[in-house]
Chemist: 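One structure, as structure tokens, below. Some questions next.
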There are 2 protein chains.
Amino acid sequence: MATPDTRTQILDAAEQLFAEHGYSGTSIRAITKLAGANLAAVGYHFGSKADLMGAVARRATEPINAAQCAGLDTLLARTPDPTVGELVEAFAGPLFDALPGGDEGGARRSRLIVMILSDPAEAARGWTGPAEDTVRDRYFAAFARALPGLSPQELWFRMRGILAVTSVDRLQVHQHPTPGCDSPTPGEAARHWALTFLTAAVSAPPTRP
Amino acid sequence: MATPDTRTQILDAAEQLFAEHGYSGTSIRAITKLAGANLAAVGYHFGSKADLMGAVARRATEPINAAQCAGLDTLLARTPDPTVGELVEAFAGPLFDALPGGDEGGARRSRLIVMILSDPAEAARGWTGPAEDTVRDRYFAAFARALPGLSPQELWFRMRGILAVTSVDRLQVHQHPTPGCDSPTPGEAARHWALTFLTAAVSAPPTRP
DNA sequence: GTATGATTCAAGCGAACGTATGAAACGAAC
DNA sequence: GTTCGTTTCATACGTTCGCTTGAATCATAC
């Protein structure tokens, strides 16, 4: 086994517990206990519970953001006018890929993203940095080129829809065990279903006012 | 003014605070203080904090469920085979209509729904009763008739997508004030955008395996 | 070996938490 | 006016919270 490294063990434990019980619902005592570390280790390594949450959020969202950015770069390097489907895949794909664990670590990371996006704790402000806004703006511009007739407001709505579908999906799979189909949605199928669903949605003609 | 009625004042205050800060992030002390009631009133009227949350959730979701059910009834009374667009509107519409307050009460109710759907507190299990499952099953059957080629799993995925989009929308409008378009999304426009978005998404051809 | 900086530890602080309790205040019936 | 069931009240209990502290432990360099 590699170095236990208290700091990252705390990060791992915090990621899991924050994802499962939310920010307010997780105590640093529970985190340090799961991590096998001392209670004071959080204060020593991160400063406070809120700062720990920030570190967890940064570690989880940074690779996703980087992948989204890189995907758009390669897309734009090939053609100045990617299709809506390509943009949707480049934007939403990393939200599925960031969960390589398949089952355990995957669902946990996904859950954490939802929690970051939806947790009402005041500390949630500032969990996502300006990098997220930058990549979102770039995708917005690319989508606007691919969907000329759409008003900026409706385009923002559709981009929020992408985030909503990708992030909430697995969450509800876990919560409501899907009456009617017993096995949880396999990750690969969900990815394809989401891209079909979202490409059709984003490509819809503008709403007539 | 009508009767203050401690019990409903507690329900109102709890709805607001649960929506703003989540379940774990809200103390019954804050609720009773906002309601102008005594701390022990929660225990007397509802039994416990978890039971209070259940009452809040029930009061918020029941009219939505009833409207969804009634909408499907009138639709099926007219024709045995409604279109996807009609089904989407009957299913998703009440999630927008349940917020008649326009601004304050509306966004709050919407926020509460999101919180109910996504709060990771263990107490969240059981907040929604079997009535929700029943109406979902009925819509599932209707959608299955309108979308013959779709596998049950993918159809469940798309119905989860409807819930995701409708519930997460206003949430993120409030959190990230939509860089680029300053005014928050007006409710009526969001409703139409959502129906356009979702009808196109649900109507998409089945994902090729 | 010993000094030094980094890390971990047990213990405790004050505050806030959910809940319980028994006494006061209230309104309607007699 | 007295009684009785309902509702409100002040208060307290035991627990857990986030955070701090000072001593103990460790690794490394001299």
Side-chain angles (χ1 to χ4, degrees), chain A residues 1-59 115-116 119-127, chain B residues 1-59 115-116 119-127:
Chain A
M1 273 300 154
T3 35
D5 191 344
T6 302
R7 195 188 136 95
T8 61
Q9 275 186 251
I10 290 178
L11 274 175
D12 290 339
E15 175 173 308
Q16 172 177 342
L17 293 179
F18 280 145
E20 286 175 4
H21 307 112
Y23 179 75
S24 301
T26 303
S27 68
I28 63 174
R29 281 175 167 85
I31 294 172
T32 52
K33 181 178 180 182
L34 178 63
N38 187 271
L39 171 62
V42 166
Y44 176 75
H45 285 286
F46 301 95
S48 70
K49 182 186 175 182
D51 291 329
L52 169 60
M53 179 70 236
V56 170
R58 229 173 298 120
R59 192 181 67 156
M115 181 267 187
I116 291 173
D119 196 288
E122 326 81 47
R125 284 349 120 232
W127 285 349
Chain B
M1 274 298 154
T3 35
D5 192 343
T6 302
R7 194 189 139 93
T8 61
Q9 276 187 249
I10 290 179
L11 274 174
D12 290 339
E15 175 174 309
Q16 171 177 344
L17 292 179
F18 281 144
E20 286 175 4
H21 308 113
Y23 179 74
S24 301
T26 303
S27 68
I28 64 174
R29 281 176 167 83
I31 293 171
T32 51
K33 181 176 179 181
L34 178 63
N38 186 272
L39 172 62
V42 166
Y44 175 76
H45 285 286
F46 301 94
S48 70
K49 181 186 177 182
D51 292 328
L52 169 60
M53 179 69 235
V56 170
R58 229 173 298 121
R59 192 181 66 157
M115 181 270 188
I116 291 173
D119 196 288
E122 326 80 47
R125 280 358 113 225
W127 284 350

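Just so you know, these numbers use all the heavy atoms, side chains as well, and skip hydrogens, waters and symmetry mates. Everything numeric here is computed off the predicted structure, so don't read it as measured data. Below, chains carry the letters A, B, ... as their sequence lines are ordered, and counting in each starts from 1.
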Chemist: Take the protein atom CG of D51(B) and the nucleotide atom P of dA20(C), then report the distance between them rounded to whole Å.
Modeler: 11 Å
Chemist: Could you tell me whether the side chain of Y23(A) and the main chain of G25(B) form a donor-acceptor pair under 3.5 Å?
Modeler: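 Side chain of Y23(A) to backbone of G25(B): no pair is present.
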Chemist: With a 4.0 Å cut-off on heavy atoms, is T32(A) in touch with a base, just the backbone sugar-phosphate, or nothing at all?
Modeler: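 Nothing: the residue T32(A), judged by heavy atoms under 4.0 Å, touches no strand.
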Chemist: Name the pairs: protein N/O against N/O of nucleotides 10-12 of chain C, kept only if under 3.5 Å.
Modeler:
unit_1  : atom_1 : unit_2 : atom_2 : d
dA10(C) : OP2    : N38(A) : ND2    : 3.4
dA10(C) : N7     : N38(A) : ND2    : 3.4

Chemist: Could you tell me from which nucleotide to which nucleotide of DNA chain D, 5' to 3', there is an atom under 4.0 Å from chain A heavy atoms?
Modeler: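 First and last nucleotides in contact are dC17(D) to dT21(D).
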Chemist: Return the polar atom pairs (N/O with N/O) between nucleotides 5-7 of chain C and the protein under 3.5 Å, or none.
Modeler:
unit_1 : atom_1 : unit_2 : atom_2 : d
dT7(C) : OP2    : Y44(A) : OH     : 2.8
dT7(C) : O5'    : Y44(A) : OH     : 3.3

Chemist: Tell me which donor-acceptor pairs under 3.5 Å the side chains of residues 27-35 of chain B have, and how far apart each pair is, sequence neighbours excluded?
Modeler:
unit_1 : atom_1 : unit_2 : atom_2 : d
S27(B) : OG     : A30(B) : N      : 3.1
T32(B) : OG1    : I28(B) : O      : 2.9
T32(B) : OG1    : R29(B) : O      : 3.1

Chemist: Indicate the atoms forming the closest heavy-atom contact of K49(B) with F18(B), along with that distance.
Modeler: CE-CE2, 4.2 Å
Chemist: Could you tabulate the donor-acceptor pairs under 3.5 Å formed by side-chain atoms of residues 51-59 of chain A, not counting sequence neighbours?
Modeler:
unit_1 : atom_1 : unit_2 : atom_2 : d
D51(A) : OD2    : S48(A) : OG     : 3.1
R59(A) : NH1    : D12(A) : OD1    : 3.0
R59(A) : NH2    : D12(A) : OD1    : 2.9
R59(A) : NH2    : E15(A) : OE1    : 3.1

Chemist: Starting at CD1 of I28(A) and ending at P of dT8(C), how long is that distance when rounded to a whole Å?
Modeler: 15 Å
Chemist: Donor-acceptor pairs are to be reported for all side-chain atoms of residues 36-47 of chain B against protein atoms at under 3.5 Å, with residues two or more places apart or in another chain.
Modeler:
unit_1 : atom_1 : unit_2 : atom_2 : d
N38(B) : OD1    : A40(B) : N      : 2.9

